[in-house]
Number of protein chains: 2
Amino acid sequence: MQDHASEKDFLAAYNIHDYEVPLTSVDMAIFKLREQQLEVLLVKRSQHPAKDTWALPGGFIDLKKDNVLEDTAHRKLVEKTGVKSPYLEQVATFGGKQRDPRGWSVTVVYFALVAHEEIDVDPKGAKEETRWVPVSEALSDYKLAFDHNEILRLCRERLTSKVQYTALPIHLLPEEFTLTELQKVFEVILGNEVEKKSFRRRILDADILEESGAMRTGSNRPAKLYRLKRGVENHFFPRTIEGPRS
Amino acid sequence: MQDHASEKDFLAAYNIHDYEVPLTSVDMAIFKLREQQLEVLLVKRSQHPAKDTWALPGGFIDLKKDNVLEDTAHRKLVEKTGVKSPYLEQVATFGGKQRDPRGWSVTVVYFALVAHEEIDVDPKGAKEETRWVPVSEALSDYKLAFDHNEILRLCRERLTSKVQYTALPIHLLPEEFTLTELQKVFEVILGNEVEKKSFRRRILDADILEESGAMRTGSNRPAKLYRLKRGVENHFFPRTIEGPRS
DNA sequence: AATATTAGTGGCCTAATGCCACTAATATTA
DNA sequence: TAATATTAGTGGCATTAGGCCACTAATATT
């Protein structure tokens, strides 16, 4: 390409295919909680490369439909789960010469938290075989496509790390939940027990929940139901959860 | 493209230019400290688009030279500053239809911390006009190219946020430094004063520094010089710095 | 020798959390 | 109907990292 006098001329003559560019995609770890286990959604690849192997859901940016990167992630998420208002967070971007046999590739990684109860078991966009797998199992027993094991490991790490000082796990529960239910979620992700009183104080003092008014009943004392206060997306605590002192 | 029997066939027939892909690049905020101010490196663009306007340094991935994304960032950093062992951290990835007039574009953003003393004022790779600008000034007085104001704002935010609970600012100092010097760096980035005793306890108890043996002398009591312990890249404190209680 | 200046410490206060035993409310069971 | 089991929820003291501030220490300068 030669020099151009104005930006207008430059853009008119510009053709992206004159340059070597990497292949850029979006991948995501979609987490949910089921029976006291953290599970992640895997997809069996129906196309080459890595055909027939399990992978994290993802795909290419649709240059027409997607206005910003997050749209791509959101689109994929809805395709796979049908969840309308997920928690979505960008984790990191992986890029390199070796990670995809097609050549230099870049993938922007998101993680999503969805409530088990809000998942559409057969969403519209479902074309490939999918499967929910406990995260530890996905990491130890599955040889995922490309560098997806590494990517998943980082997503899990980011999640556990943020659980130490934020109220993220709320997004793994349906709109209304009891404090004990929330505590259980923290315990599952952290992998250790949490002291009841400390936990309740921590959450309640943060002033991010409101009572829904209803109660959860069972074969014992009923529990208050809470929901996230309007406008509270996420909360950062001044200290990390400390766990048992022993 | 049609169906292929094997991955080998698939790859042989694969051509990235059959698809519409975004333009992918790397941009970075390189921070240093000078005269009690946090400064960022800006580059005057010598090429279209946005020719002659100030921007964060960055560029395209060199599919031949760069093996992974971080290589691109590292290459750019050395080109601009000549610093050999910077602190480099991926911040986020921006992507969208509108941010670059050439079309859908993605940029992976890094921030780097370098010691003022270790900067090569005229590094080999220097081709464009560059300038160190106080960050607040860059954000308020400069209309940077593309969405670089927004990017810089996020980098600054990430930096200040991490200073609350990590020992990051160490990387803005040369190898040996006094505790008071380090405290000053924290104060500059946080924008408020830090209590001396609390600060020293926090840093020293973290067990990440070792005495170099030497002292910094001046017209008053000499101060011990410290350096980062080998193998300590970064440290996370269990609590955030609290600042004045008033 | 006195003074100014910055380095570094002792010791008490505060706040968020850990810990654990207690009370409360419900369904179930005898 | 009363006792029991079970889970919800609280009271209150201990612990720990950090805030606060006054003190001592070591040097160059006056």
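These numbers come from a predicted model, not from an experiment. Reminder, nothing fancy here: chain letters follow the sequence lines and each chain counts from 1.
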Exercise. Does any donor-acceptor pair link the side chain of B/Arg201 with the base of C/dG10 at a separation under 3.5 Å?
Worked result: no
For this session: May I have the distance from B/Leu225 (atom CG) to C/dA7 (atom C1'), rounded to whole angstrom?
Result: 12 Å
For this session: Give a yes-or-no answer on whether the side chains of A/Tyr110 and A/Asp27 include a donor-acceptor pair shorter than 3.5 Å.
Result: no
Exercise. Rounded to whole angstrom units, what separation is found between the NZ atom of B/Lys196 and the P atom of D/dA17?
Worked result: 22 Å
Problem set entry | Integer-rounded Å distance: D/dG11 P and A/Asp205 CG | 13 Å
Problem set entry | Of A/Phe199 and A/Pro222, the one whose closest DNA chain C nucleotide lies more 5' | A/Phe199
Problem set entry | Side-chain donor/acceptor contact of B/Arg239 with base of D/dT16 under 3.5 Å | yes
For this session: Looking at every strand, decide which applies to B/Ser198 at a 4.0 Å heavy-atom threshold: base, sugar-phosphate, or nothing.
Result: base
Exercise. Can you give the dot-bracket line for DNA chain D, using ( ) for pairs inside the strand, [ ] for pairs that cross earlier ones, | for pairs with another strand and . for unpaired bases, where Watson-Crick and G-U count if both distances are under 3.5 Å?
Worked result: ||||||||||||||||||||||||||||||
For this session: Take the protein atom NZ of B/Lys184 and the nucleotide atom P of C/dT6, then report the distance between them rounded to whole Å.
Result: 9 Å
For this session: Please confirm whether any donor atom in the side chain of A/Arg221 sits under 3.5 Å from an acceptor in the base of D/dA8, or the reverse.
Result: yes
Problem set entry | Pairwise 5' ranking along DNA chain D for A/Ser219 and B/Glu195, keeping only the more 5' one | A/Ser219
For this session: For residues A/Ala138 and A/Val133, report the shortest heavy-atom separation together with the two atoms involved.
Result: N-CG1, 3.7 Å
Problem set entry | Distance under 6.0 Å and angle within 45° of ring axis: B/Arg202 vs B/Phe237 | yes
For this session: Kindly check if the number of other-residue, nucleotide or ligand heavy atoms within 6.0 Å of NZ (B/Lys224) is above 12?
Result: no
Exercise. Do B/Arg153 and B/Leu139 touch side chain to side chain, with heavy atoms closer than 4.5 Å?
Worked result: yes
Problem set entry | Distance in angstrom units between B/Glu193 CD and D/dC20 P, rounded | 11 Å
For this session: Rounded off to whole Å, could you give me the NE2-to-C1' distance for the A/His235 and C/dA16 pair?
Result: 12 Å
Exercise. Do the ring centers of B/Phe186 and B/Phe199 come within less than 6.0 Å of each other?
Worked result: yes
Problem set entry | Between C1' of D/dA8 and CD of A/Glu181, the distance in whole Å | 12 Å
Seminar exercise, completed: When rounded to whole Å, the NZ to P distance for the pair B/Lys197 and D/dT24 reads 15 Å
Exercise. For A/Glu193, does the CD atom sit with more than 12 other heavy atoms under 6.0 Å from it, leaving out its own atoms?
Worked result: no
Exercise. Which part of the nucleic acid does B/Lys224 contact within heavy-atom distance under 4.0 Å: base, sugar-phosphate only, or nothing?
Worked result: sugar-phosphate
